[in-house]
Amino acid sequence: MSLKASVKKMKMRKVWTSLLVLLMSCATSVNAATEAEQSTRPSFELKPVSVDNTLVEISVIGHDLEDLYAYEMNLQFDANTLRFSKASAGNAGYTVVPKVEGNNLQIAHTKVGSVKGDSGDQLLTTLQFSVQRAGKSTITLQNLKLVDSKLIMSKMTPALQETIQTESGTIFSDITGHWAEDSIQKAVAAGFIDGYTDGTFRPKQEVTRAEFAVMFSRALKLDVNDLHAAFADANQIPAWASSHVQAAVQKQFITGYANHTFRPSTKMIRAEMASIAVRALGKEGHDVTNVNEFADAADISAWAKPFIYEAIELNIMQGIGNNHFSPKTNVTRAEAVTVILNVLGNKN
(Lines give C-alpha, C1' and ligand atoms only; values in the text may rest on other atoms or scores of the structure.)
Protein backbone atom coordinates (compact mmCIF):
# COMPACT_ATOMS: atom_id res chain seq x y z
CA MET A 1 0.00 0.00 0.00
CA SER A 2 1.40 3.44 -0.97
CA LEU A 3 1.80 6.30 1.48
CA LYS A 4 -0.98 8.16 -0.34
CA ALA A 5 -3.33 5.19 0.02
CA SER A 6 -2.40 4.81 3.67
CA VAL A 7 -3.15 8.46 4.39
CA LYS A 8 -6.45 8.16 2.53
CA LYS A 9 -7.37 5.11 4.65
CA MET A 10 -6.57 7.04 7.83
CA LYS A 11 -8.71 9.98 6.70
CA MET A 12 -11.60 7.66 5.85
CA ARG A 13 -11.42 6.11 9.31
CA LYS A 14 -11.74 9.58 10.86
CA VAL A 15 -14.60 10.38 8.49
CA TRP A 16 -16.52 7.26 9.52
CA THR A 17 -15.94 8.03 13.19
CA SER A 18 -17.25 11.55 12.67
CA LEU A 19 -20.24 10.26 10.71
CA LEU A 20 -21.19 7.85 13.48
CA VAL A 21 -20.99 10.65 16.04
CA LEU A 22 -23.12 12.81 13.73
CA LEU A 23 -25.57 9.95 13.26
CA MET A 24 -26.04 9.64 17.02
CA SER A 25 -26.40 13.41 17.32
CA CYS A 26 -29.00 13.63 14.57
CA ALA A 27 -30.93 10.69 15.98
CA THR A 28 -30.93 12.31 19.41
CA SER A 29 -32.41 15.48 17.94
CA VAL A 30 -35.52 13.61 16.79
CA ASN A 31 -35.66 11.32 19.78
CA ALA A 32 -37.90 13.60 21.86
CA ALA A 33 -40.61 13.48 19.23
CA THR A 34 -40.40 9.77 18.55
CA GLU A 35 -39.29 8.12 21.77
CA ALA A 36 -42.86 7.58 22.96
CA GLU A 37 -43.54 5.68 19.75
CA GLN A 38 -40.67 3.28 20.26
CA SER A 39 -41.45 -0.25 21.26
CA THR A 40 -39.84 -1.68 24.36
CA ARG A 41 -39.69 -5.12 22.79
CA PRO A 42 -35.93 -5.49 22.42
CA SER A 43 -34.12 -7.24 25.24
CA PHE A 44 -30.44 -7.90 25.76
CA GLU A 45 -28.21 -10.59 27.14
CA LEU A 46 -24.63 -10.75 28.42
CA LYS A 47 -23.40 -14.22 27.54
CA PRO A 48 -19.99 -15.58 28.63
CA VAL A 49 -18.26 -17.22 25.66
CA SER A 50 -14.96 -18.21 27.22
CA VAL A 51 -13.70 -17.91 30.78
CA ASP A 52 -10.35 -19.15 32.05
CA ASN A 53 -7.62 -17.90 34.32
CA THR A 54 -6.10 -15.60 31.70
CA LEU A 55 -8.90 -14.57 29.34
CA VAL A 56 -12.59 -13.64 29.50
CA GLU A 57 -14.81 -13.31 26.43
CA ILE A 58 -18.39 -12.15 26.78
CA SER A 59 -20.96 -11.45 24.07
CA VAL A 60 -23.69 -8.82 24.00
CA ILE A 61 -26.75 -10.26 22.26
CA GLY A 62 -29.90 -8.40 21.26
CA HIS A 63 -33.25 -10.19 21.14
CA ASP A 64 -36.35 -9.12 19.18
CA LEU A 65 -34.52 -6.27 17.51
CA GLU A 66 -36.25 -4.25 14.83
CA ASP A 67 -34.33 -2.44 12.08
CA LEU A 68 -31.17 -1.83 14.16
CA TYR A 69 -28.89 0.33 11.99
CA ALA A 70 -26.48 1.69 14.61
CA TYR A 71 -25.90 1.46 18.33
CA GLU A 72 -23.87 2.90 21.15
CA MET A 73 -23.51 0.90 24.35
CA ASN A 74 -21.93 1.82 27.67
CA LEU A 75 -20.58 -0.82 29.98
CA GLN A 76 -18.67 -1.02 33.24
CA PHE A 77 -16.15 -3.64 34.29
CA ASP A 78 -13.88 -4.24 37.26
CA ALA A 79 -10.62 -2.63 36.11
CA ASN A 80 -8.82 -4.06 39.15
CA THR A 81 -9.28 -7.61 37.93
CA LEU A 82 -9.88 -7.25 34.19
CA ARG A 83 -8.23 -5.29 31.39
CA PHE A 84 -10.16 -4.65 28.18
CA SER A 85 -8.39 -6.06 25.12
CA LYS A 86 -10.68 -5.75 22.11
CA ALA A 87 -14.22 -5.82 20.74
CA SER A 88 -15.36 -7.84 17.71
CA ALA A 89 -18.54 -6.72 15.95
CA GLY A 90 -21.18 -9.33 15.29
CA ASN A 91 -22.34 -7.85 11.99
CA ALA A 92 -21.09 -5.87 9.01
CA GLY A 93 -20.42 -2.15 9.23
CA TYR A 94 -18.01 0.22 10.94
CA THR A 95 -16.98 0.09 14.59
CA VAL A 96 -15.47 3.13 16.28
CA VAL A 97 -12.30 2.47 18.29
CA PRO A 98 -13.62 1.47 21.76
CA LYS A 99 -13.34 4.19 24.38
CA VAL A 100 -11.96 3.06 27.74
CA GLU A 101 -11.79 5.36 30.74
CA GLY A 102 -11.04 3.65 34.01
CA ASN A 103 -13.75 1.01 34.45
CA ASN A 104 -16.01 2.52 31.78
CA LEU A 105 -16.19 1.10 28.26
CA GLN A 106 -18.07 2.53 25.27
CA ILE A 107 -18.70 0.59 22.06
CA ALA A 108 -20.31 2.16 18.97
CA HIS A 109 -21.11 0.54 15.64
CA THR A 110 -23.06 1.47 12.50
CA LYS A 111 -24.03 -0.05 9.21
CA VAL A 112 -22.89 1.71 6.05
CA GLY A 113 -25.03 2.96 3.18
CA SER A 114 -28.74 2.80 2.42
CA VAL A 115 -29.52 -0.57 3.92
CA LYS A 116 -32.07 -1.86 6.38
CA GLY A 117 -31.05 -2.49 9.95
CA ASP A 118 -30.88 -5.90 11.61
CA SER A 119 -33.96 -7.51 13.09
CA GLY A 120 -34.61 -10.50 15.31
CA ASP A 121 -31.91 -12.01 17.50
CA GLN A 122 -28.45 -10.65 16.73
CA LEU A 123 -24.94 -10.85 18.16
CA LEU A 124 -23.93 -7.20 18.61
CA THR A 125 -20.36 -7.55 19.83
CA THR A 126 -17.99 -9.89 21.65
CA LEU A 127 -15.74 -8.29 24.26
CA GLN A 128 -12.38 -9.71 25.27
CA PHE A 129 -10.68 -9.02 28.60
CA SER A 130 -7.41 -10.28 30.04
CA VAL A 131 -7.49 -11.42 33.65
CA GLN A 132 -5.22 -9.42 35.95
CA ARG A 133 -6.13 -10.83 39.36
CA ALA A 134 -8.05 -13.76 40.81
CA GLY A 135 -11.56 -13.40 42.17
CA LYS A 136 -15.00 -12.24 41.10
CA SER A 137 -15.36 -9.67 38.33
CA THR A 138 -18.59 -7.95 37.33
CA ILE A 139 -19.37 -6.70 33.83
CA THR A 140 -22.42 -4.43 33.55
CA LEU A 141 -24.31 -3.34 30.43
CA GLN A 142 -25.59 0.01 31.65
CA ASN A 143 -27.38 1.60 28.71
CA LEU A 144 -27.75 1.63 24.95
CA LYS A 145 -28.77 3.99 22.20
CA LEU A 146 -30.42 2.17 19.30
CA VAL A 147 -30.83 3.91 15.94
CA ASP A 148 -32.90 2.51 13.08
CA SER A 149 -32.46 3.14 9.35
CA LYS A 150 -34.84 6.12 9.56
CA LEU A 151 -32.60 7.74 12.21
CA ILE A 152 -35.16 7.19 14.94
CA MET A 153 -33.42 6.52 18.23
CA SER A 154 -34.53 4.75 21.35
CA LYS A 155 -32.69 4.57 24.66
CA MET A 156 -32.61 1.53 26.90
CA THR A 157 -31.14 0.96 30.34
CA PRO A 158 -31.09 -2.80 30.85
CA ALA A 159 -28.48 -2.61 33.66
CA LEU A 160 -27.55 -6.23 33.01
CA GLN A 161 -24.77 -7.77 35.08
CA GLU A 162 -22.63 -10.84 34.58
CA THR A 163 -20.28 -11.98 37.33
CA ILE A 164 -17.16 -13.85 36.27
CA GLN A 165 -15.18 -16.03 38.69
CA THR A 166 -11.51 -16.70 37.97
CA GLU A 167 -9.57 -19.04 40.22
CA SER A 168 -6.19 -17.41 39.69
CA GLY A 169 -4.69 -14.36 38.07
CA THR A 170 -2.33 -14.32 35.14
CA ILE A 171 0.20 -17.10 35.62
CA PHE A 172 2.62 -17.85 32.82
CA SER A 173 4.20 -21.25 32.27
CA ASP A 174 7.60 -19.87 31.28
CA ILE A 175 8.55 -17.26 33.91
CA THR A 176 8.93 -19.26 37.13
CA GLY A 177 12.40 -18.51 38.49
CA HIS A 178 13.12 -15.96 35.76
CA TRP A 179 15.06 -12.91 36.99
CA ALA A 180 12.19 -10.64 35.82
CA GLU A 181 9.31 -12.77 37.15
CA ASP A 182 8.08 -10.13 39.63
CA SER A 183 8.40 -7.32 37.08
CA ILE A 184 6.48 -9.32 34.49
CA GLN A 185 3.61 -9.93 36.91
CA LYS A 186 3.55 -6.25 37.88
CA ALA A 187 3.58 -5.15 34.23
CA VAL A 188 0.69 -7.44 33.34
CA ALA A 189 -1.26 -6.27 36.40
CA ALA A 190 -0.59 -2.66 35.37
CA GLY A 191 -2.15 -3.46 32.01
CA PHE A 192 0.52 -2.35 29.57
CA ILE A 193 1.49 -5.81 28.31
CA ASP A 194 -0.16 -9.21 27.93
CA GLY A 195 0.96 -12.77 27.64
CA TYR A 196 0.06 -15.14 24.81
CA THR A 197 -2.99 -17.33 24.43
CA ASP A 198 -0.92 -20.47 25.00
CA GLY A 199 -0.23 -19.34 28.58
CA THR A 200 3.32 -18.15 27.94
CA PHE A 201 4.92 -14.73 28.31
CA ARG A 202 8.05 -15.41 26.23
CA PRO A 203 10.39 -13.21 28.31
CA LYS A 204 13.36 -13.78 25.98
CA GLN A 205 11.47 -12.77 22.85
CA GLU A 206 12.90 -9.63 21.26
CA VAL A 207 10.75 -6.51 21.00
CA THR A 208 10.12 -4.45 17.88
CA ARG A 209 10.00 -0.66 17.87
CA ALA A 210 6.24 -0.77 17.34
CA GLU A 211 5.72 -3.17 20.25
CA PHE A 212 7.86 -1.07 22.58
CA ALA A 213 6.01 2.11 21.60
CA VAL A 214 2.68 0.44 22.47
CA MET A 215 3.96 -0.79 25.85
CA PHE A 216 5.40 2.62 26.66
CA SER A 217 2.29 4.51 25.59
CA ARG A 218 0.01 2.25 27.62
CA ALA A 219 2.24 2.36 30.69
CA LEU A 220 2.40 6.16 30.70
CA LYS A 221 -1.29 6.40 29.75
CA LEU A 222 -0.58 8.70 26.83
CA ASP A 223 -3.56 10.31 25.12
CA VAL A 224 -3.86 8.39 21.85
CA ASN A 225 -7.11 10.00 20.57
CA ASP A 226 -7.24 7.77 17.48
CA LEU A 227 -4.05 9.39 16.18
CA HIS A 228 -2.11 7.92 13.28
CA ALA A 229 1.63 8.03 12.76
CA ALA A 230 2.76 10.29 9.90
CA PHE A 231 5.83 8.49 8.55
CA ALA A 232 6.87 7.52 5.04
CA ASP A 233 6.37 3.88 6.07
CA ALA A 234 3.12 4.53 8.00
CA ASN A 235 1.44 1.77 5.99
CA GLN A 236 3.83 -0.71 7.63
CA ILE A 237 2.84 0.27 11.17
CA PRO A 238 0.16 -2.16 12.41
CA ALA A 239 -3.24 -0.63 13.17
CA TRP A 240 -2.95 -1.72 16.81
CA ALA A 241 0.27 0.28 17.15
CA SER A 242 -0.25 3.35 14.97
CA SER A 243 -1.96 5.67 17.46
CA HIS A 244 0.42 4.66 20.25
CA VAL A 245 3.45 5.32 18.04
CA GLN A 246 2.15 8.77 17.16
CA ALA A 247 1.35 9.56 20.81
CA ALA A 248 4.92 8.70 21.83
CA VAL A 249 6.32 10.68 18.89
CA GLN A 250 4.24 13.76 19.73
CA LYS A 251 5.61 13.64 23.29
CA GLN A 252 9.10 13.42 21.72
CA PHE A 253 9.82 10.24 23.67
CA ILE A 254 10.58 8.29 20.52
CA THR A 255 11.74 9.48 17.11
CA GLY A 256 11.89 8.23 13.56
CA TYR A 257 14.85 8.16 11.22
CA ALA A 258 16.37 10.83 9.00
CA ASN A 259 14.53 9.48 5.94
CA HIS A 260 11.18 10.00 7.73
CA THR A 261 10.61 6.31 8.38
CA PHE A 262 9.74 4.68 11.70
CA ARG A 263 10.73 1.08 10.89
CA PRO A 264 8.14 -0.54 13.15
CA SER A 265 9.36 -4.10 12.65
CA THR A 266 13.00 -3.24 13.44
CA LYS A 267 14.10 -4.57 16.82
CA MET A 268 14.44 -2.09 19.66
CA ILE A 269 18.05 -1.87 20.88
CA ARG A 270 19.30 -1.01 24.36
CA ALA A 271 20.70 2.41 23.39
CA GLU A 272 17.35 3.47 21.92
CA MET A 273 15.47 2.17 24.96
CA ALA A 274 17.73 4.25 27.23
CA SER A 275 17.02 7.41 25.22
CA ILE A 276 13.23 6.85 25.32
CA ALA A 277 13.23 6.18 29.06
CA VAL A 278 15.31 9.27 29.85
CA ARG A 279 13.29 11.55 27.56
CA ALA A 280 10.10 10.42 29.30
CA LEU A 281 11.56 11.65 32.59
CA GLY A 282 12.56 14.98 31.07
CA LYS A 283 16.26 14.43 31.69
CA GLU A 284 19.04 14.79 29.14
CA GLY A 285 22.39 14.90 30.90
CA HIS A 286 25.72 15.62 29.28
CA ASP A 287 28.15 13.86 31.59
CA VAL A 288 29.33 10.64 29.98
CA THR A 289 32.07 9.71 32.47
CA ASN A 290 30.61 6.44 33.67
CA VAL A 291 29.62 5.46 30.14
CA ASN A 292 33.20 5.77 28.92
CA GLU A 293 34.22 3.34 31.64
CA PHE A 294 32.41 0.47 29.94
CA ALA A 295 34.67 -1.97 28.13
CA ASP A 296 32.50 -1.56 25.02
CA ALA A 297 32.28 2.26 25.22
CA ALA A 298 33.63 2.48 21.67
CA ASP A 299 30.44 0.73 20.48
CA ILE A 300 28.19 3.38 22.04
CA SER A 301 27.20 6.15 19.61
CA ALA A 302 27.95 9.68 20.74
CA TRP A 303 24.25 10.65 20.67
CA ALA A 304 23.38 7.79 23.03
CA LYS A 305 26.03 8.35 25.71
CA PRO A 306 24.24 11.15 27.63
CA PHE A 307 21.03 9.11 27.72
CA ILE A 308 22.81 5.97 28.87
CA TYR A 309 24.58 7.99 31.56
CA GLU A 310 21.25 9.29 32.91
CA ALA A 311 19.63 5.85 32.67
CA ILE A 312 22.40 4.40 34.83
CA GLU A 313 22.38 7.30 37.29
CA LEU A 314 18.61 6.98 37.73
CA ASN A 315 18.94 3.21 38.13
CA ILE A 316 16.65 2.66 35.17
CA MET A 317 19.18 0.50 33.37
CA GLN A 318 22.51 -1.11 34.10
CA GLY A 319 25.22 -3.02 32.28
CA ILE A 320 24.83 -6.64 31.24
CA GLY A 321 27.88 -7.93 33.07
CA ASN A 322 31.63 -8.08 32.46
CA ASN A 323 31.62 -4.27 32.37
CA HIS A 324 29.66 -4.19 29.11
CA PHE A 325 26.59 -2.11 28.30
CA SER A 326 25.93 -3.75 24.92
CA PRO A 327 24.17 -0.75 23.31
CA LYS A 328 23.28 -2.49 20.06
CA THR A 329 21.82 -5.63 21.62
CA ASN A 330 18.14 -6.18 20.95
CA VAL A 331 15.75 -5.65 23.86
CA THR A 332 13.75 -8.61 25.19
CA ARG A 333 10.22 -8.49 26.58
CA ALA A 334 11.55 -9.07 30.09
CA GLU A 335 14.03 -6.19 29.77
CA ALA A 336 11.40 -3.89 28.28
CA VAL A 337 8.88 -4.31 31.10
CA THR A 338 11.61 -3.95 33.73
CA VAL A 339 12.85 -0.64 32.30
CA ILE A 340 9.31 0.70 31.84
CA LEU A 341 8.46 -0.11 35.46
CA ASN A 342 11.67 1.68 36.52
CA VAL A 343 10.54 4.74 34.55
CA LEU A 344 7.16 4.67 36.26
CA GLY A 345 8.90 4.36 39.62
CA ASN A 346 11.03 7.43 38.90
CA LYS A 347 7.99 9.45 37.77
CA ASN A 348 6.23 8.64 41.03
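FYI, side chains are in, hydrogens and waters are out, and symmetry mates aren't considered; it's all heavy atoms of this structure.
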Q) Measuring from L222:CG to Q246:CD, what's the distance to the nearest 0.5 Å? A) 11.5 Å
**Q.** side chain to side chain contact (heavy atoms under 4.5 Å, CB included) between D67 and K116, intermediate numbers included
**A.** CA-CA 6 Å; D67 190 23; K116 291 288 289 181; 3.8 Å; yes
(Q) Testing the basics here: between S85 and S130, what is the closest heavy-atom pair and its distance to 0.1 Å? (A) OG-N, 3.6 Å
Q | Full working for side chain to side chain contact (heavy atoms under 4.5 Å, CB included) between L55 and Q128 | A | CA-CA 7 Å; L55 187 70; Q128 187 180 97; 3.3 Å; yes
Q) Taking all atoms of both residues into account, what is the closest heavy-atom pair of S119 and Q122, and its distance? A) O-NE2, 3.1 Å
Q. Any ring-ring contact (aromatic ring centres under 6.0 Å, His included) pairs touching residues 126-166, not counting sequence neighbours?
A. F77-F129, F84-F129
Q: For residues I254 and M268, determine if any side-chain heavy atom of one lies less than 4.5 Å from a side-chain heavy atom of the other.
A: yes
Q.
Rounded at 0.5 Å granularity, tell me how far CD in E335 sits from OG in S183.
A. 11.5 Å
(Q) Can you list, by chain and residue number, the hydrophobic cluster partners of I61 when the side-chain cut-off is 4.5 Å? (A) L123
Q) Is I269 reachable from F307 through a run of I, L, V, M, F, W or Y residues, each pair having side-chain heavy atoms under 4.5 Å apart? A) no
Q: Kindly give the heavy-atom pair with the smallest separation between A87 and P98, and that separation in Å.
A: CB-CG, 4.2 Å
Q: Verify side chain to side chain contact (heavy atoms under 4.5 Å, CB included) between I320 and R270, making sure each step is shown before the conclusion.
A: CA-CA 10 Å; I320 63 169; R270 283 171 53 80; 3.6 Å; yes
Q. Does the side chain of L141 reach to within under 4.5 Å of the side chain of M73, using non-hydrogen atoms?
A. yes
Q) Do Y69 and L151 touch side chain to side chain, with heavy atoms closer than 4.5 Å? A) no
Q.
One thing to verify: whether K111 and D118 come together as a salt bridge, which I'm taking to mean a side-chain N less than 4.0 angstrom from a carboxylate O.
A. yes
Q) Short question: side chain of T125, backbone of S88 - any donor-acceptor pair under 3.5 Å? A) yes
Q) So do K347 and L281 actually touch side chain to side chain, heavy atoms under 4.5 Å? A) yes
Q) Between atom CE of M273 and atom CD1 of I308, what is the distance when rounded to the nearest 0.5 Å? A) 10.0 Å
Q) Got a donor-acceptor contact below 3.5 angstrom from the S217 side chain to the A213 backbone? A) no
Q) Rounded to the nearest 0.5 Å, how far apart are CD of E57 and CG of L127? A) 9.5 Å
Q) Which heavy atom in A232 sits nearest to a heavy atom in N259, and how many Å separate them? A) CB-O, 4.3 Å
**Q.** Partners meeting side-chain hydrogen bond (donor to acceptor under 3.5 Å, both in side chains) with H63 (sequence neighbours left out)
**A.** E45, D121
Q.
Before you tell me yes or no, could you show the steps for D299 and H324 under side chain to side chain donor-acceptor pair (under 3.5 Å), namely the whole-Å CA-CA distance, both residues' side-chain angles and the distance that decides it to 0.1 Å?
A. CA-CA 10 Å; D299 296 332; H324 282 70; over 6 Å; no
Q: Please tell me if the side chains of T338 and W179 come closer than 4.5 Å, counting only heavy atoms from C-beta onward.
A: yes
Q.
Using modelled atom types and a 3.5 Å cut-off, is there a donor and acceptor pairing between side-chain atoms of N103 and backbone atoms of D78?
A. no
Q) Would the number of heavy atoms belonging to other residues, nucleotides or ligands and lying under 6.0 Å from NZ of K267 be above 12? A) yes
Q. Do we see a donor-acceptor contact under 3.5 Å between the side chains of T200 and S173?
A. no
**Q.** K221 side, atom NZ; L344 side, atom CG - distance, nearest 0.5 Å
**A.** 8.0 Å
**Q.** Residue pair D296 / P327: nearest heavy atoms and the distance that separates them
**A.** OD2-CD, 3.6 Å
Q. Judged by atom type as modelled, is there a donor-acceptor pair below 3.5 Å linking the side chain of H244 to the main-chain atoms of F212?
A. no
Q | Salt-bridge contact R209-E272 (side-chain N to carboxylate O under 4.0 Å) | A | yes
Q: Flag yes if V100 and L82 sit in one hydrophobic cluster, no otherwise; membership is Ile, Leu, Val, Met, Phe, Trp, Tyr, and two members link when side-chain heavy atoms are under 4.5 Å apart.
A: yes
Q | Those residues that, when tested against F44, pass ring pair (Phe, Tyr, Trp, His ring centres under 6.0 Å) (two or more places apart) | A | none
**Q.** Derivation of the side chain to side chain contact (heavy atoms under 4.5 Å, CB included) call for T261 and F231
**A.** CA-CA 5 Å; T261 61; F231 289 100; 5.7 Å; no
Q. Considering residues at least two apart in sequence or located in another chain, which fulfil the ring pair (Phe, Tyr, Trp, His ring centres under 6.0 Å) criterion with F294?
A. F325
Q.
Please say yes or no: joined through hydrophobic side-chain contacts below 4.5 Å, possibly via intermediate residues, are V278 and W303 part of one cluster?
A. yes
Q. Looking at residues at least two apart in the chain, or sitting in another chain, which of them share a side-chain hydrogen bond (donor to acceptor under 3.5 Å, both in side chains) with T208?
A. E211
Q.
Give me each pair satisfying side-chain hydrogen bond (donor to acceptor under 3.5 Å, both in side chains) with a member in residues 314-323, each pair once, sequence neighbours excluded.
A. none
**Q.** With sequence neighbours excluded, residues passing side-chain hydrogen bond (donor to acceptor under 3.5 Å, both in side chains) with E181
**A.** none
Q. Do the non-hydrogen side-chain atoms of E162 and P48 ever get within less than 4.5 Å of each other?
A. yes
Q | Residues that R333 engages under salt bridge (Lys or Arg N to Asp or Glu O under 4.0 Å), provided they are two or more places apart | A | none
Q: Check salt bridge (Lys or Arg N to Asp or Glu O under 4.0 Å) between D64 and all other residues, then give those that pass, not counting sequence neighbours.
A: none
(Q) I'd like to check P203 versus I184 (side-chain heavy atoms, cut-off strictly below 4.5 Å). Are they in contact? (A) yes
Q: May I ask you to test the L124-L65 pair for a side-chain heavy-atom distance under 4.5 Å?
A: yes
Q: Report the residues that fulfil ring pair (Phe, Tyr, Trp, His ring centres under 6.0 Å) with F201, sequence neighbours left out, ordered by chain and then residue number.
A: F172
Q) Other than W240, what residues sit in its cluster of Ile, Leu, Val, Met, Phe, Trp and Tyr side chains whose heavy atoms are under 4.5 Å apart, directly or through others? A) V214
Q. Where is the tightest heavy-atom contact between P264 and D233, given as atom of each residue plus distance?
A. CD-OD2, 3.5 Å
(Q) To the nearest 0.5 Å, what is the distance between CD1 on I164 and CD1 on I139? (A) 5.0 Å
